[in-house]
Structures are given as C-alpha cells and as structure tokens.
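First up is the structure itself, then whatever we jot down about it.
Everything numeric in this text was worked out from a predicted model, so none of it was measured. Residue numbering restarts at 1 for every chain, and letters A, B, ... go by the order of the sequence lines.
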Amino acid sequence: MKTNFLHELTWRGMVHNHTPEVEKLLQQPTTAYVGFDPTADSLHIGNLVSLMLLVYLQRAGHTPIALIGGATGMIGDPSGKSKERNLLDEDTIRYNLERIKLQMQKFLDFETTENPAEIVNNYDWYKNFNVIDFLRNVGKHLTISYMIAKDSVQNRLETGISFTEFSYQLLQGYDFYWLYTHKNCRLQMGGSDQWGNITAGIELISKLIPQAQAHAITCPLLTKSDGSKFGKSEQGNIWLDANKTSPYKFYQFWLNVDDKDLPKLLRIFLPFDQATIKQLETDNAQNPNALKRILAKEITTMVHSVEDYQKAEQASQLLYGKAVLEQFEATDLATLQEVFEGLPRQTYTAKEFESIATTTDLVALALQISKSEANRLIKGNGVSINKTKLTIEQATQKPNFTLLKEQFLLIQKGKQYFLVEVLK
RNA sequence: GGGGAGAUACCAAAGUGGCCAACUGGGGCGGACUGUAAAUCCGCUGUCUCUGACUUCACAGGUUCGAAUCCUGUUCUCCCCA
C-alpha cells in the first residue's frame, strides 16, 4: 500500500510549509531526511513528531534517513533558543547518539530491501573536514546578509549570539548537501523552526550544483491548545526511554491530554488511515476518554511494547478505577508488583518501619517532602493511605494501617501515587 | 573612563526602622465540581520539636531595645554620557 505522502501529511495536519515543487518530486520514490539533536540520551515526545514524519515517509514508499547531529550537536542550533547554550563534550554526544539509534530502530524498517531506513551521523563527514576547506567550499557560497536575515539569527541579535551558533546554519546546510550528493537525498523535513536552516541548505546546494532540485517540508511545532509546550509538563520532559519516564507514566501522560488537543494528536500519532481515525472520532464523540485510551494504547505500544502497555493499563485500572482495597487484596502478588512497578517506592525493614514516630513522618518520607509540607497537605485533605483520606488525628499518631498483602502501603497525594514497602 | 539606578521567596513585583515569614500577580501543589479533561470556585505555597520557635529579603560588617528597611565595604546587574 503506497500512500501519497504529501497528501497524507496534509490531512494529518503535519504540513506547516513546503517548497512549491515538492509534490512533483514526491511522485517518484525519494530519499528524505530529518535531523535530531543528540542533546540527551533519549528522544522525547517532541522528537516523536519528527520521527513520525519519517515513519509516514517510509510507508509511502520513500526512503527515510535519520540524521543524528553528532557534529552539529556540539555547536548548538540557535533556532528557538533565547540564549547561548553550553556545549556538550564528545563522549556524552557519542553515548547519546547510540541510545537514540536504538530507540529509532523501533520505528523505522532497516531491513526492507526496497527502501530501508538509514541512520547517519554528521560527525562522520565533519571530523576530517578542516576549517580552511570548510570556509572555501561552504562558507564562500552564502552571504552574511542572507544568513543574518534568518529569524533564528534575528531573534538573537539583541540578546547576543556567538559566531559558533551563527555558523550553525552553514553546517546544517552542508549536511543537506552531503546527503544530496552521497545519498541522493532530495528532501529535508523538520519542525517549522527549521525552515531557515533547511532553506540555507537548499541555497547551498543550488549554488554548488546548478541543476539541483532540493526541497523542504516543515511541520508545525507541537503545542498544547493553550499555546504552551507539549510534552514538557510539570516534571519535565516526557521521554521515550523507559528508565527516564516509566511506561506507566508515559501511558498516563496520554490519558491526561487536553480534550481540545485530541484531534490533532490522533492525526499525528496514530498510524491508521484517515477514514479509520474519523470513524474512531465519530464512534467516541461523546466519550473523549475512550479516544484518549486508544491514543495512549497505540503510542505506548509503539514506543514501548504491548506488555508494557498492558501493565500500564492494568495499573491505571487498579489505581484510578473504582477499585477499592479488596480488589488490591484479590489481585495476586506478582500482578500487584507489576502494577506498582512504575510508582515511586520507599522500602523499609520491619524494624525501620516500626521506628517511624508519626504518620506525618511516614508521609514526608514516602513522598520525599519536608515535614511542613506533609503537614500542609494533610491539613488540606490532600493525602490518602490505602485509598482512605488521612485525618489530622491519624497523622499525629504512630502509623497504624493494615499493610496490603502484608507489605505495602499505598499513599496518595492528590492524583499521584507513592508506595511504601515494608520488608518482613 | 565619568554619572545614575538597582539586587526581596520558583518567576514577576510591593514593602524603605517595630503591625513582615514579608501585599499582589503568575506558576506550582492540594480540595470541591467532573470524565484521571477543560473552565470555575476555595485553600496552601521557608524550616522545625508547629496555637510556639527558628533561619530568610545579593555578601560581609556596623548603628539600634529592635533592620528587608539606616550606615560602611564587597560582588553582580542595568541605564546614560564619553
């Protein structure tokens, strides 16, 4: 099944801007790339949009290249950044890059013979590129006035931009040129903030290769309906790495998205066709939570695994469903362990547990907060233990609760869960 | 180089000798209502041995019964002139 890539991106709401002739280019199987910054050892939800661009590209019969900016990551892209950033050292970048590669392998098909995906690292072609050559062969072709006109640079002229970050567009431009000549890559995609960098590449290619046809597609930056950044909630980024964001938390994140963002998210992240998505929306028009569950299920399965999804779902059912204490008791220990897996946990020996003087102390310890804060929360009716609100009176006394399965206490702070485990 | 203004809690911003753990707004957290949503309303938002005590208003000293507020020095930031 080959789809019309540009058409598909359009109905998915993933086209912000593109070069005029790109549609013609895409009538033939084409190679395209998206760049990723190895600034962390995991991709996050923001990167997931770019990754989906490549997924849809490959499904449409084109060849995707994921470029990991081992070199450019050492420079720092000024786009969307209000101030100069710290440079990462080489070892960190190398490590991050390997981790990111592993994550990408879940999404793209590297085995197919027809249009296998590929991951490249621009450090490979920069490491032996000397300054003189770079300035003669690349820098010569773009003018300062052209470079200064870019929004990413304009926005920084007041607050300051180093020559290093200013040069970034040349590097990214050359990346495109390199891929164009070595991998026959004709198209670069990215977030709308990348437009300036991409066109710099197109400009460079057209200077170096007179008949060249290089193109760009950018996609809107993912934001919440209130305009704030998506996937960067309170506790920071939502990562794809299970060690940084547990599958349970990941799953919960999608269940908790704003209703208003649903149509947008379904279209970007669900790999179904247009009719199916519309059908889902009609079927669940009165029940946005069902839609969120589908969204959460699909993305969690895609990023983690079916098993992880099932555990997350099970945990959510138990923790947020109508579940009462009896249901926890009725669940077998192994399952319960899995349900509790993603929760912050404090473990004590029976002796240690005995020595905790008051329930307030216990709460402070379990939630890793100060005693004053624990006190405030309890006074504000904000803490439950084993699904029952903690009274102020109880809080001042020595903990006296029935342990679930004779070893767990489930403590709730609002909607968040914490676990205390007492070893026998 | 010369002149001026400022540094207050997560951020912004009041306070200019006792009524200040410090107005207010944002953010965050909790509660109510709901659908684990949004909107709305309410409460909390330094620490502790918690109806009280203790440590905070750039840093170090000083004046005073008493300082975020006055004085001295230090560091940093911003603005204007050259």
Side-chain angles (χ1 to χ4, degrees), chain A residues 45 82-84 158-160 223-238 245-266 269 280-281 283-297 299-300 309 311-324 327-328 339-340 342-344 355-385 387-398 410-419:
Chain A
I45 286 179
S82 54
K83 53 178 185 241
E84 188 87 13
E158 291 287 314
T159 50
T223 52
K224 293 202 272 189
S225 57
D226 61 10
S228 61
K229 259 193 195 139
F230 189 86
K232 254 206 154 171
S233 62
E234 307 80 58
Q235 289 112 37
N237 264 322
I238 302 291
T245 302
S246 72
Y248 166 74
K249 266 186 79 180
F250 187 84
Y251 180 76
Q252 280 288 322
F253 173 82
W254 295 102
L255 282 191
N256 277 304
V257 296
D258 194 323
D259 287 9
K260 282 179 279 191
D261 291 324
L262 259 177
K264 188 167 69 186
L265 297 173
L266 291 170
F269 293 110
L280 281 174
E281 285 182 320
D283 292 349
N284 298 289
Q286 297 311 312
N287 192 358
N289 276 351
L291 273 179
K292 288 183 197 174
R293 244 175 269 127
I294 296 168
L295 177 74
K297 173 189 173 182
I299 304 184
T300 308
Y309 152 69
K311 284 183 207 167
E313 163 62 17
Q314 198 173 24
S316 302
Q317 286 283 333
L318 257 184
L319 296 175
Y320 290 98
K322 301 277 182 289
V324 281
Q327 277 174 272
F328 283 93
V339 167
F340 290 156
L343 305 181
S355 67
I356 295 171
T358 66
T359 306
T360 307
D361 289 333
L362 176 68
V363 171
L365 286 166
L367 313 203
Q368 304 269 288
I369 54 178
S370 77
K371 233 174 267 185
S372 304
E373 199 171 345
N375 234 319
R376 274 198 296 273
L377 274 170
I378 294 164
K379 279 183 188 153
N381 206 20
V383 178
S384 294
I385 293 187
K387 290 270 172 183
T388 310
K389 284 280 183 221
L390 185 63
T391 63
I392 297 170
E393 203 195 340
Q394 276 177 307
T396 56
Q397 296 164 357
K398 205 168 165 60
L410 193 60
I411 303 186
Q412 263 167 284
K413 171 197 171 204
K415 273 174 295 186
Q416 290 168 266
Y417 285 85
F418 299 83
L419 192 69

Seminar exercise, completed: Taking B:G35, B:U36, B:U49 as options, the one with an atom nearest any side-chain atom of A:Lys371 is B:U49
Exercise. Any chance the side chains of A:Glu313 and A:Ser316 put a donor and an acceptor closer than 3.5 Å?
Worked result: no
Seminar exercise, completed: When both distances are under 3.5 Å in a Watson-Crick or G-U wobble arrangement, the nucleotide paired with B:U16 is none
For this session: For the side chain of A:Lys389, starting at C-beta, report the closest nucleotide among B:C44, B:G31, B:G35.
Result: B:G31
Exercise. What integer distance in Å separates A:Asp258:CG from B:G35:C1'?
Worked result: 13 Å
Problem set entry | Gap between atom CG of A:Leu265 and atom NZ of A:Lys260 - 0.5 Å precision | 13.0 Å
For this session: Taking only the side-chain nitrogens and oxygens of A:Arg293, find out if one of them lies under 4.0 Å from OP1 or OP2 of B:A37.
Result: no
Problem set entry | Interatomic distance where NZ belongs to A:Lys297 and P belongs to B:U36 [whole Å] | 21 Å
Exercise. Distance between the C1' atoms of B:C19 and B:G26, in whole angstroms?
Worked result: 28 Å
Exercise. How long is the span from the CD atom in A:Gln397 to the OG1 atom in A:Thr359, to the nearest 0.5 Å?
Worked result: 7.0 Å
Problem set entry | Rounded distance (nearest 0.5 Å) linking atom NZ of A:Lys413 with atom CG of A:Leu390 | 14.5 Å
Exercise. Taking the same atom, P, in B:C59 and in B:G28, what whole-Å distance lies between them?
Worked result: 28 Å
For this session: With heavy atoms under 4.0 Å as the rule, sort A:Ser370 into base, sugar-phosphate or nothing.
Result: sugar-phosphate
Exercise. Contact class for A:Asn381 vs. all strands (heavy atom < 4.0 Å): base, sugar-phosphate, or nothing?
Worked result: sugar-phosphate
For this session: Would you classify A:Leu377 as touching base, sugar-phosphate or nothing, given that sugar-phosphate means primed atoms plus P, OP1 and OP2, and contacts are heavy atoms under 4.0 Å?
Result: sugar-phosphate
Exercise. Given the P atoms of B:C29 and B:G46, what is the spacing between them in whole Å?
Worked result: 16 Å
Problem set entry | Touch class at under 4.0 angstrom, heavy-atom based, for A:Val383 against every strand present | nothing
Exercise. With both distances under 3.5 Å as the test, what is the Watson-Crick or G-U wobble partner of B:C23?
Worked result: none
Exercise. Could you give the CG-to-P distance, from A:Leu367 to B:C44, as a whole number of Å?
Worked result: 20 Å
Exercise. From A:Leu295 CG over to A:Leu291 CG, what is the distance, rounded to the nearest 0.5 angstrom?
Worked result: 8.5 Å
For this session: Measure up the A:Tyr417 and A:Tyr320 rings against each other and bin them: parallel (under 30°), tilted (30 to 60°), perpendicular (over 60°).
Result: perpendicular
Problem set entry | Atom pair distance, as rounded to whole Å: CD in A:Gln286 and C1' in B:A37 | 15 Å
Problem set entry | Rounded distance in Å between the P positions of B:C80 and B:U72 | 27 Å
For this session: Check the pair A:Leu266 / A:Glu281 against side-chain contact (heavy atoms from CB on, under 4.5 Å), numbers first and verdict last.
Result: CA-CA 9 Å; A:Leu266 291 170; A:Glu281 285 182 320; 3.7 Å; yes
For this session: Remember a base hit wins even if backbone is also touched, and classify A:Gln252 as base, sugar-phosphate or nothing at under 4.0 Å, heavy atoms.
Result: base
For this session: Can you tell me the pairing partner of B:C48 across any strand shown, Watson-Crick or G-U wobble, with both distances under 3.5 angstrom?
Result: B:G52
Problem set entry | Distance, C1' atom - from B:A7 to B:U74, rounded to whole angstrom | 13 Å
Seminar exercise, completed: Across every strand shown, the nucleotide meeting Watson-Crick or G-U wobble geometry with B:C57 (both distances under 3.5 Å) is none
Exercise. For RNA chain B, whose closest nucleotide is more 5', that of A:Ser316 or that of A:Gly380?
Worked result: A:Gly380
For this session: State whether A:Gln416 places a side-chain N or O below 4.0 Å from either non-bridging phosphate oxygen (OP1 or OP2) of B:G30.
Result: yes
Problem set entry | Which residue lies more 5' along RNA chain B, comparing A:Gly414 with A:Ser372 via nearest heavy atoms | A:Gly414
Seminar exercise, completed: Which of B:A38, B:C50, B:G35 is nearest the side chain of A:Asn375? It is B:C50
Problem set entry | Watson-Crick/G-U partner (both atom distances under 3.5 Å) of B:U40 | B:A32
Problem set entry | Nearest-angstrom distance from the residue atom NZ of A:Lys292 to C1' of B:U36 | 8 Å
For this session: Indicate, with a heavy-atom threshold strictly under 4.0 Å, whether A:Asn287 touches base, sugar-phosphate, or nothing.
Result: nothing
For this session: Tell me which nucleotide among B:G35, B:C29, B:U36 gets nearest to the side chain of A:Asp259.
Result: B:G35
Problem set entry | Euclidean distance, atom CG of residue A:Leu255 to atom P of B:A38 [Å, nearest integer] | 13 Å
Problem set entry | Atom-pair distance (CD on A:Glu373; C1' on B:C29), nearest Å | 7 Å
For this session: Determine the Euclidean distance between corresponding P atoms of B:U69 and B:C48; express it in Å to zero decimal places.
Result: 27 Å
Exercise. Using atom C1' of each nucleotide, how far apart are B:G17 and B:A12 to the nearest Å?
Worked result: 27 Å
Exercise. Across the strands shown, which category fits A:Lys379 at heavy-atom distances under 4.0 angstrom: base, sugar-phosphate, nothing?
Worked result: nothing
Exercise. Roughly how far apart are A:Tyr251 OH and A:Gln314 CD, rounded to 0.5 Å?
Worked result: 11.0 Å
Exercise. Nearest to the side chain of A:Lys413, which nucleotide is it out of B:A37, B:U47, B:C29?
Worked result: B:C29
For this session: To the nearest Å, give me how far apart CG (A:Asn289) and C1' (B:A38) are.
Result: 12 Å
Problem set entry | C1' gap between B:U63 and B:G73, integer Å | 15 Å
Seminar exercise, completed: As its Watson-Crick or G-U partner within any shown strand, both distances under 3.5 Å, B:C78 has B:G4
